[in-house]
Amino acid sequence: MPEAYAVTAATTVMMAACCVRLVRRNLPALSYLRPSLRLLCTAAKQKSNSSSLEEGVQPSEQKSEPPAPDKVLLEEKGRLEEQLKETVEKYKRALADTENLRQRSQKLVEEAKLYGIQGFCKDLLEVADILEKATQSVPEEEISNENPHLKSLYEGLVMTGVQIQKVFTKHGLLRLDPVGAKFDPYEHEALFHTPMEGKEPGTVALVSKVGYKLHGRTLRPALVGVVKEA
């Protein structure tokens with residue numbers, strides 16, 4: 001039995017020595033395999049990282065494009081905003097038109113108040129002209145205490161004419177007697193042109209009939225004679 005144990009131990013030692021020799025022989029090959037294994041591990045890690053990045057980017061890209069219901073709501077919002085803008089513009093234009101109409105109506109009402117008596121004033125102008133002609137037709141030498149009735153009548157006509165002019169002025173009716181003034185075609189009507197020494201050409205030399213203005217508007221132009229160059 002001791003001999004058998006000795007043989008077995010020797011055999012084991014020999015096999016271990018063979019294994020050691022084989023390992024030593026194969027160590028260079030294993031050293032070559034280590035870098036390739038490292039490269040494989042690095043590639044695997046990079047691949048996993050890129051896949052994780054792609055997975056992280058895809059949701060963000062998907063978030064940039066809203067789903068279909070949100071897109072419809074955005075389009076409807078834009079359409080409603082355009083309609084609101086158009087409605088506001090129409091409302092502003094309507095307000096402007098209404099304000100213009102109000103101002104025109106107010107101006108027409110004011111003009112009606114001012115010039116509503118225009119026809120009545122024209123009729124009264126004829127009465128004032130008659131009174132003026134009546135007073136001018138009385139000779140000054142006849143107005144004396146020797147003719148008390150004529151004098152009283154003359155003074156009554158003069159007072160009536162003065163009172164009429166006061167009433168005219170109160171209602172905006174002004175008398176135009178432009179002797180020596182520059183001829184104005186908006187206020188004067190030229191009956192004739194005549195040369196006259198000492199008068200500037202284009203001025204009024206004679207007033208045949210006085211004119212009147214109602215609140216700045218010519219109601220009746222004055223009939224005049226205009227000076228012309230000799």
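For the numbers below, each heavy atom of this structure counts, side chains included, while hydrogens, waters and symmetry mates do not.
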Tell me whether Leu131 is reachable from Val138 by hopping between hydrophobic residues (I, L, V, M, F, W, Y) whose side-chain heavy atoms are closer than 4.5 Å.
-> no

Are Val210 and Phe168 in one and the same hydrophobic cluster, where Ile, Leu, Val, Met, Phe, Trp and Tyr link if side-chain heavy atoms are under 4.5 Å apart?
-> yes

Output yes when Arg220 and Asp129 qualify as a salt bridge under the 4.0 Å nitrogen-oxygen rule, no when they do not.
-> yes

Can you see which heavy atom on Ala128 is nearest to which on Ile164, and at what distance?
-> CB-CG2, 4.2 Å

Supply the atom-to-atom distance Met159 CE to Thr135 OG1, rounded to the nearest 0.5 angstrom.
-> 14.0 Å

Should Glu86 and Glu89 count as side-chain neighbours, where that means a heavy-atom distance under 4.5 Å?
-> no

Stepwise side chain to side chain contact (heavy atoms under 4.5 Å, CB included) check, Lys85 with Val88 | CA-CA 5 Å; Lys85 185 177 179 181; Val88 170; 5.8 Å; no

Are Val204 and Met196 connected in a single hydrophobic cluster, I mean Ile/Leu/Val/Met/Phe/Trp/Tyr linked by side-chain heavy atoms less than 4.5 Å apart?
-> no

Should Pro195 and Val227 count as side-chain neighbours, where that means a heavy-atom distance under 4.5 Å?
-> no

Within-4.5 Å side-chain heavy-atom neighbours: Glu200 and Thr203 | yes

Hey, does Leu80 have a side-chain heavy atom less than 4.5 Å from the side chain of Gln83?
-> yes

Would a 4.5 Å heavy-atom cut-off, applied to side chains only, mark Val179 and Leu206 as touching?
-> no

Does Asp184 reach the main-chain N or O of Tyr186 with its side chain, forming a donor-acceptor pair under 3.5 Å?
-> yes

Rounding to 0.5 Å, atoms CG (Leu101) and CD (Glu99) come to a distance of 9.5 Å

For atom CD of Gln136, is the number of surrounding heavy atoms from other residues, nucleotides or ligands below 6.0 Å larger than 12?
-> yes

With the side chain counted from C-beta on, respond yes when Leu214 and Gln118 share a heavy-atom pair under 4.5 Å apart, and no when they do not.
-> yes

When rounded to the nearest 0.5 angstrom, what distance separates CG in Asn145 from CG in Leu150?
-> 11.5 Å

Looking at side-chain heavy atoms only, is the closest gap between Thr87 and Tyr91 below 4.5 Å?
-> no

Crowding at CD, Glu76 (>12 non-hydrogen neighbours, <6.0 Å) = yes

Salt bridge present between Arg79 and Glu82 (N-O < 4.0 angstrom) | no

Which heavy-atom pair separates Gly211 from Ala222 by the least distance, and what is that distance?
-> N-CB, 3.5 Å

Applying side chain to side chain contact (heavy atoms under 4.5 Å, CB included), run through Lys213 and Leu219 and close with a yes or a no.
-> CA-CA 5 Å; Lys213 292 176 69 175; Leu219 184 62; over 6 Å; no

Can you measure from CD (Glu110) to CD (Gln103) and round to the nearest 0.5 angstrom?
-> 10.5 Å

Indicate the atoms forming the closest heavy-atom contact of Glu189 with Pro221, along with that distance.
-> OE1-CG, 3.9 Å

Any chance you could measure Tyr154, atom OH, to Ser137, atom OG, to the nearest 0.5 Å?
-> 9.5 Å

When you measure from the side chain of Asn147 to the backbone N and O of Ile143, does any donor-acceptor pair fall under 3.5 Å?
-> no

Do you know which of Leu191, Asp177, Leu223, Leu176 makes side chain to side chain contact (heavy atoms under 4.5 Å, CB included) with Val207?
-> Asp177

When rounded to the nearest 0.5 Å, the distance separating CG of Leu157 from CD1 of Ile130 is 11.5 Å

Apply side chain to side chain contact (heavy atoms under 4.5 Å, CB included) to the pair Val167 and His171, showing each step before the final yes or no.
-> CA-CA 6 Å; Val167 174; His171 293 281; 3.9 Å; yes

Min side-chain heavy-atom separation Val224-Phe183 under 4.5 Å | yes

Smallest separation among heavy atoms of Lys228 and Pro201, with atom names | C-CB, 4.2 Å

Sidechain N-carboxylate O distance under 4.0 Å for Glu132, Arg175 | yes

Within 45° of the axis and under 6.0 Å from the centre of the six-membered ring of Tyr115, does NZ or CZ of Arg217 qualify?
-> yes

Between His193 and Ala190, which heavy-atom pair has the shortest distance, and what is it?
-> CE1-CB, 4.0 Å

